[in-house]
Each structure stands twice: as structure tokens, then as C-alpha cells.
Peer 1: 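Before I ask anything, let me first share the structure, which is written out below as C-alpha cells.
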Amino acid sequence: MLDVGERDGVTLVRVTEKRLDAAAAPAFKARVSDLIAGGASRIVVDLSGVAFVDSSGLGTLVSALKQLGSRGDLALAGVQPAVAKLLQLTRLDRVFRTFPTADDAVRGLA
């Protein structure tokens with residue numbers, strides 16, 4: 001479900017599922033929460049392979065951002081058109097910084 005790595009001091013989380021939905025969200029939330037608890041403070045979530053996100057998926061992203069609070073930063077990379085539209089409709093495009101690629105996001109947070 002997730003590939004996790006580090007680049008230039010930024011934790012890179014690549015979602016390998018095509019859907020971040022009610023079925024996938026609990027595992028995603030637990031893994032990202034563990035990363036934050038373990039000290040990750042700058043996180044890029046690479047959604048380039050994700051074609052669909054539902055309210056549960058959005059909730060996990062918001063939860064990670066809240067867990068980081070003011071002591072960290074979270075950015076989204078490779079957001080596909082359908083997911084970008086959802087972010088716009090929910091106005092979360094004003095909350096999350098998005099970047100075209102994971103490399104751009106890492107540079108933006110480094």
C-alpha cells in the first residue's frame with residue numbers, strides 16, 4: 001500500500017494503491033501516524049498513482065496534517081485530475097500545498 005523513503009531530510013510516502021478509500025484509509029493513517037510519532041516532520045505524500053480518493057482518504061490526509069501541527073509540514077505530489085477536483089470542491093486545495101511531482105515537493109519542503 002505504501003512505499004516509504006527519505007530524500008534530503010524529507011519523508012516520502014508513495015501510495016501504491018489506485019484508491020485511497022475506506023478500505024485503504026485505516027492502514028494509510030496508521031502508517032503515517034507511526035512515521036510522525038517516530039519523528040518525521042516533513043512529509044510528502046505522492047499520489048501520482050491514485051485515481052480516486054473518498055471522504056475517508058481525505059480524512060486521513062487531514063488527520064496527518066493535524067497530527068504534525070505547527071512542528072511539521074505535509075505536501076501532496078502528483079495529484080491526478082479527479083483528486084485535484086475533489087480537493088477544489090472541498091476547498092482543501094487551500095489547506096494542502098500541492099506539487100506536480102514528488103521531486104518538486106521534496107525541493108519545496110527541504
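Each residue takes its place number in the sequence, starting with 1.
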Peer 1: Give the table of side-chain donor-acceptor pairs shorter than 3.5 Å for residues 32-41, with sequence neighbours excluded, one pair per line with atom names and distance.
Peer 2:
from, atom 1, to, atom 2, distance (Å)
Ser33, OG, Gln67, OE1, 3.3
Ser33, OG, Gln67, NE2, 3.2

Peer 1: Measuring from atom CG of Leu20 to atom CZ of Phe52, what distance do you get when rounded to the nearest 0.5 angstrom?
Peer 2: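 Rounded to the nearest 0.5 Å, the CG-CZ separation comes to 9.5 Å.
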Peer 1: Apply side-chain contact (heavy atoms from CB on, under 4.5 Å) to Val15 and Leu2, showing your working.
Peer 2: CA-CA 5 Å; Val15 180; Leu2 299 177; 3.8 Å; yes
Peer 1: Listed by chain and number, what are the side chain to side chain contact (heavy atoms under 4.5 Å, CB included) partners of Thr101, not counting sequence neighbours?
Peer 2: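 Only Asp103, Asp104 meet the side chain to side chain contact (heavy atoms under 4.5 Å, CB included) criterion with Thr101.
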Peer 1: So does Arg31 have more than 12 non-hydrogen atoms from other groups sitting under 6.0 Å from CZ?
Peer 2: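 Atom CZ in Arg31 is not packed in, count stays at 12 or less.
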Peer 1: Roughly how far apart are Leu65 CG and Thr60 OG1, rounded to 0.5 Å?
Peer 2: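 It is 11.5 Å, given to the nearest 0.5 Å.
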Peer 1: Name all residues meeting the salt bridge (Lys or Arg N to Asp or Glu O under 4.0 Å) criterion together with Asp73; count only those two or more places apart in sequence or in a different chain, and write none if there are none.
Peer 2: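 With sequence neighbours excluded, Asp73 shows a salt bridge (Lys or Arg N to Asp or Glu O under 4.0 Å) to Arg97, given in chain and number order.
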Peer 1: In residues 76-88, what donor-acceptor pairs under 3.5 Å come from side-chain atoms, sequence neighbours left out?
Peer 2:
from, atom 1, to, atom 2, distance (Å)
Gln80, NE2, Ser48, O, 3.0
Gln80, NE2, Gly78, O, 3.2

Peer 1: Given side chains that start at C-beta, do those of Leu92 and Leu58 come closer than 4.5 Å, heavy atoms only?
Peer 2: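 They are in contact (side-chain heavy atoms under 4.5 Å apart), so the answer is yes.
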Peer 1: Cluster partners of Leu109, using ILVMFWY side-chain heavy atoms under 4.5 angstrom, listed by chain and number?
Peer 2: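 Once heavy-atom contacts under 4.5 Å are chained together, Leu109 belongs with Val10, Leu12, Val44, Val106.
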Peer 1: Please report the shortest heavy-atom distance between Phe99 and Ala75, naming the atom on each side.
Peer 2: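 Closest pair (atom of Phe99, atom of Ala75, distance): CE1-CB, 3.7 Å.
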Peer 1: Give the minimum heavy-atom separation between Phe28 and Val13, together with the two atoms involved.
Peer 2: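 Minimum heavy-atom contact is CE1-CG1, 4.3 Å.
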Peer 1: Nearest 0.5 Å, what's the CE-CZ distance between Met1 and Arg19?
Peer 2: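 If I round to the nearest 0.5 Å, the distance is 11.5 Å.
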Peer 1: The criterion is side chain to side chain contact (heavy atoms under 4.5 Å, CB included); which residues satisfy it with Ala22, sequence neighbours excluded?
Peer 2: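 Ala22: side chain to side chain contact (heavy atoms under 4.5 Å, CB included) contacts with Asp54, Ser56.
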Peer 1: Which is it for Thr11 and Val4 under the side-chain contact (heavy atoms from CB on, under 4.5 Å) test, yes or no, and what are the steps along the way?
Peer 2: CA-CA 7 Å; Thr11 302; Val4 178; 4.0 Å; yes
Peer 1: Among all residues two or more places apart in sequence or in another chain, which pass the salt bridge (Lys or Arg N to Asp or Glu O under 4.0 Å) test with Asp93?
Peer 2: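 Per chain and number, Asp93 pairs via salt bridge (Lys or Arg N to Asp or Glu O under 4.0 Å) with no residue.
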Peer 1: Can you sort out the partners of Ser63 under side chain to side chain contact (heavy atoms under 4.5 Å, CB included), two or more places apart, ordered by chain and number?
Peer 2: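 Result, side chain to side chain contact (heavy atoms under 4.5 Å, CB included) vs Ser63: Lys29.
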Peer 1: Quick one: salt bridge (Lys or Arg N to Asp or Glu O under 4.0 Å) partners of Arg14, sequence neighbours excluded?
Peer 2: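 Once residues adjacent in sequence are excluded, the partners of Arg14 under the salt bridge (Lys or Arg N to Asp or Glu O under 4.0 Å) criterion are Asp3.
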